[in-house]
Amino acid sequence: MAEMTTEEFEQEWDKLILKVSKHFKVSAEYEFILFVLGIQEMGWGFREFSKTEKMDLINVARCRILVRQGIIKETGIDADGFPIFESSPKLKSMMPSYQNQLIKKGLIEYFKNVEFA
């Protein structure tokens, strides 16, 4: 992914928020977009989810984005069908704010070519 200026990043993030908000008729935020991605990555449809399931889906989304960026590895599937990820020293040394920015950039890239039906 080509490096974006801060201004370009913020414009692209705002476009993604607007795209998701319009499609789902909600005021989308960071965690909602991760939730949508988690559902997509697990191949599940929209339904009622428990708070634990929602958090699990958000975590799957975060991890899948970090895998796409080469920061962590997916190592298998657990008994419940959730992917297992192996953390890395690179991830552990990252500031949470930097990690969130990387994930947001990954979300922008992920959804760039997605057309919602």
Side-chain angles (χ1 to χ4, degrees):
M1 180 164 92
E3 199 55 41
M4 289 186 241
T5 65
T6 301
E7 187 176 320
E8 289 169 331
F9 166 73
E10 288 177 10
Q11 287 174 349
E12 290 298 315
W13 181 249
D14 288 345
K15 278 189 215 173
L16 177 58
I17 292 282
L18 188 60
K19 180 179 183 177
V20 173
S21 294
K22 280 183 174 180
H23 179 74
F24 291 100
K25 297 175 178 61
V26 298
S27 292
E29 294 181 20
Y30 177 64
E31 289 200 342
F32 181 80
I33 295 172
L34 286 168
F35 173 64
V36 169
L37 176 62
I39 292 170
Q40 174 73 22
E41 286 294 306
M42 292 300 293
W44 298 353
F46 273 93
R47 59 175 173 80
E48 288 294 316
F49 292 99
S50 71
K51 184 173 175 99
T52 300
E53 288 174 320
K54 287 177 184 176
M55 296 310 296
D56 288 344
L57 288 166
I58 288 169
N59 190 50
V60 165
R62 277 190 181 109
C63 291
R64 284 276 167 87
I65 291 293
L66 293 170
V67 166
R68 288 173 65 128
Q69 295 171 332
I71 295 170
I72 64 174
K73 292 180 182 165
E74 189 169 340
T75 58
I77 305 281
D78 72 11
D80 296 322
F82 280 91
I84 300 169
F85 300 96
E86 183 181 303
S87 193
S88 70
K90 187 175 182 181
L91 181 65
K92 291 176 183 173
S93 67
M94 269 184 212
M95 297 283 292
S97 59
Y98 181 70
Q99 204 178 108
N100 283 341
Q101 186 165 2
L102 271 180
I103 291 169
K104 283 181 177 180
K105 285 181 180 178
L107 288 168
I108 290 167
E109 200 58 34
Y110 185 95
F111 283 104
K112 193 164 265 185
N113 299 313
V114 171
E115 291 301 322
F116 294 114

Just how far is it from atom SG of Cys63 to atom CD1 of Ile84, taken to the nearest 0.5 Å?
-> 11.5 Å
Please report the closest heavy-atom contact between Lys105 and Gln69, naming both atoms and the distance.
-> C-NE2, 4.5 Å
Under 6.0 Å between ring centres, would you say that holds for Phe24 and Phe46?
-> yes
Cationic N near anionic O, under 4.0 Å, Arg62 to Glu31 | yes
Is Arg64 salt-bridged to Glu74, going by a charged N under 4.0 Å from an acidic O?
-> yes
Any side-chain heavy atom of Glu12 within less than 4.5 Å of one from Leu16?
-> no
Are Ile77 and Ile72 connected in a single hydrophobic cluster, I mean Ile/Leu/Val/Met/Phe/Trp/Tyr linked by side-chain heavy atoms less than 4.5 Å apart?
-> no
Do other residues, nucleotides or ligands put more than 12 heavy atoms under 6.0 Å from Gln99 CD?
-> yes
Do Arg47 and Glu53 touch side chain to side chain, with heavy atoms closer than 4.5 Å?
-> yes
Of all heavy-atom pairs linking Phe111 and Val36, the shortest is CZ-CG1, 4.3 Å
With rounding to the nearest 0.5 Å, note down the distance linking NZ in Lys19 to CD1 in Ile108.
-> 11.5 Å
Gap separating the CE atom of Met95 from the CD atom of Gln101, nearest 0.5 angstrom | 12.5 Å
For the residue pair Ala28 and Ser21, what are the closest heavy atoms and their distance?
-> N-OG, 2.9 Å
Same cluster or not: are Leu37 and Leu18 linked, directly or through other Ile, Leu, Val, Met, Phe, Trp or Tyr residues, by side-chain heavy atoms under 4.5 angstrom apart?
-> no
Which atom names give the shortest non-hydrogen contact between Ala61 and Gly38, and what distance separates them?
-> CB-N, 3.6 Å
Within the 6.0 Å centroid threshold, strictly below: Phe82 and Trp44 = yes
Within a strict 4.5 Å, meaning less than it, do heavy atoms of the Ile33 and Tyr110 side chains meet?
-> no
Find the distance between NZ (Lys54) and CD1 (Ile58) and round it off to the nearest 0.5 Å.
-> 8.5 Å
Check Met42 against Leu57 and note the closest heavy-atom contact, atom names and distance.
-> CG-CD2, 3.6 Å
Minimum heavy-atom distance Asp78-Asp80, with the two atoms named = OD1-N, 2.9 Å
Just wondering, more than 12 heavy atoms not from Lys112 lying within 6.0 Å of its NZ?
-> yes
Going by heavy atoms in the side chains, are Ile71 and Ile65 under 4.5 Å from each other?
-> no
Would you call the rings of Phe32 and Phe35 parallel, tilted or perpendicular, where under 30° means parallel and over 60° means perpendicular?
-> tilted
Is the Lys NZ or Arg CZ of Lys104 less than 6.0 Å from the centre of Tyr30's six-membered ring, within 45° of the axis?
-> yes
